[in-house]
Amino acid sequence: MKKRIGISSPTTSLPEKQFIELRACIEEANHILQSLGNPPQPENPRQLQLKLDSLMGDHVRLKLAFRGKFRTVRGILVQAGRNYVQVRENRIQKYVLYDDLISVTANKKASSFPHHEAENPYFNEELNCELLYHFSETVSGSVKLLNRFFGIPLSIALLQQVGKKVEILRDEPADEVSGILINTTDNAVIVQTASTQNSKSFETIPFNDIELIRVMNS
């Protein structure tokens with residue numbers, strides 16, 4: 001049996017709802033400590049997300065395996081979600097699904113934010129109080145906090161990029177799709193691939209067929 005690192009919840013006379021919220025804050029504030037004691041497991045994407053959170057702002061190298069092909073993606077780790085990781089290289093945002101991830105290597109010497117630990121919102125006393133006494137309202141009003149506590153899937157994260165130019169690498173057919181990101185569904189992205197005065201062409205690409213998504217920031 002694997003030994004796991006855990007944090008005991010304190011006994012309290014608080015009402016049950018407040019106690020649950022307090023326990024969630026304690027666990028999240030110490031998520032790095034917990035995750036370091038447990039290697040990432042494919043069946044536990046939340047665990048992988050927490051480990052990747054500790055690398056935010058670091059320059060990372062992602063090794064991918066997609067349908068028998070191997071690829072290396074480099075950049076500054078921007079965000080880890082429920083089923084994806086996002087890195088930035090210059091003005092290009094890159095999105096990769098956990099299912100295709102083999103390994104992550106961090107180069108802290110090349111970190112964009114060498115002191116990014118200080119930016120962790122859980123070191124903010126004011127925000128800690130808001131989380132303790134108004135957990136639902138505080139978290140639901142912030143995409144960043146929603147992702148940190150519960151994990152946002154790639155389909156939701158990409159909605160922030162609607163209207164931007166994207167390049168999507170896929171395997172079947174083996175080509176690259178370029179266009180404007182129009183929308184997403186739970187299982188696919190919708191891209192406008194061409195536009196003329198009289199017509200527009202759209203393509204729906206399932207996430208399962210996507211190796212890499214690049215978003216171009218102007």
What closest approach, in Å, do L77 and V87 show between heavy atoms, and which atom pair accounts for it? CA-CG1, 4.0 Å
Compare every heavy atom of Y84 with every heavy atom of N147, then report the nearest pair and how far apart it is. OD1-OH, 4.5 Å
In the single-linkage hydrophobic clustering (I, L, V, M, F, W, Y; side-chain heavy atoms under 4.5 Å), do I213 and V177 co-cluster? yes
Looking at CD1 of I92 and CG of N217, how far apart are the two atoms once the value is rounded to the nearest 0.5 Å? 9.0 Å
Using a 3.5 Å distance criterion without hydrogens, assess whether the side chain of Q49 forms a donor-acceptor pair with backbone atoms of A80. yes
What about I182 and V166, same hydrophobic cluster or not, with Ile/Leu/Val/Met/Phe/Trp/Tyr joined at side-chain heavy-atom distances under 4.5 Å? no
Atom CG in L101, atom CG in L52: separation rounded to 0.5 Å? 7.0 Å
The reported gap from CD in E211 to CD in E176 (rounded to nearest 0.5 angstrom) is 10.5 Å
Closest heavy-atom contact between A106 and L55? CB-CD2, 3.9 Å
Measuring from atom CG of N83 to atom CD1 of I152, what distance do you get when rounded to the nearest 0.5 angstrom? 11.0 Å
Can you get from I205 to I190 by hopping between Ile, Leu, Val, Met, Phe, Trp and Tyr side chains that sit under 4.5 Å apart? no
Atom CE of M56 and atom CD of Q79: how far apart are they, to the nearest 0.5 Å? 8.0 Å
Same apolar cluster (I L V M F W Y, side chains within < 4.5 Å links), L169/I180: no
Contacts table for residues 154-162: side-chain donor-acceptor under 3.5 angstrom, sequence neighbours left out:
from: Q160; atom 1: NE2; to: A157; atom 2: O; distance (Å): 3.4
from: Q161; atom 1: OE1; to: K164; atom 2: NZ; distance (Å): 3.0
from: Q161; atom 1: NE2; to: Y95; atom 2: OH; distance (Å): 2.8

Provide the closest heavy-atom pair for V78 versus R88 in the form atom of the first, atom of the second, distance. CG2-CB, 3.6 Å
The reported gap from CD1 in I210 to CZ in R170 (rounded to nearest 0.5 angstrom) is 9.0 Å
Can you sort out the partners of R61 under side-chain contact (heavy atoms from CB on, under 4.5 Å), two or more places apart, ordered by chain and number? K63, T72, R74, T105
Note: A188 and P206 closest approach over all heavy atoms is CB-CA, 3.8 Å
Could you tell me whether K69 and D100 have a side-chain N and a carboxylate O separated by less than 4.0 Å? no
Report the hydrophobic cluster partners of I102, with the cluster defined as I, L, V, M, F, W, Y residues connected by side-chain heavy atoms closer than 4.5 angstrom, directly or transitively. F70
Can you give me the closest heavy-atom contact between Y98 and R82, atom names plus distance? CE1-O, 3.3 Å
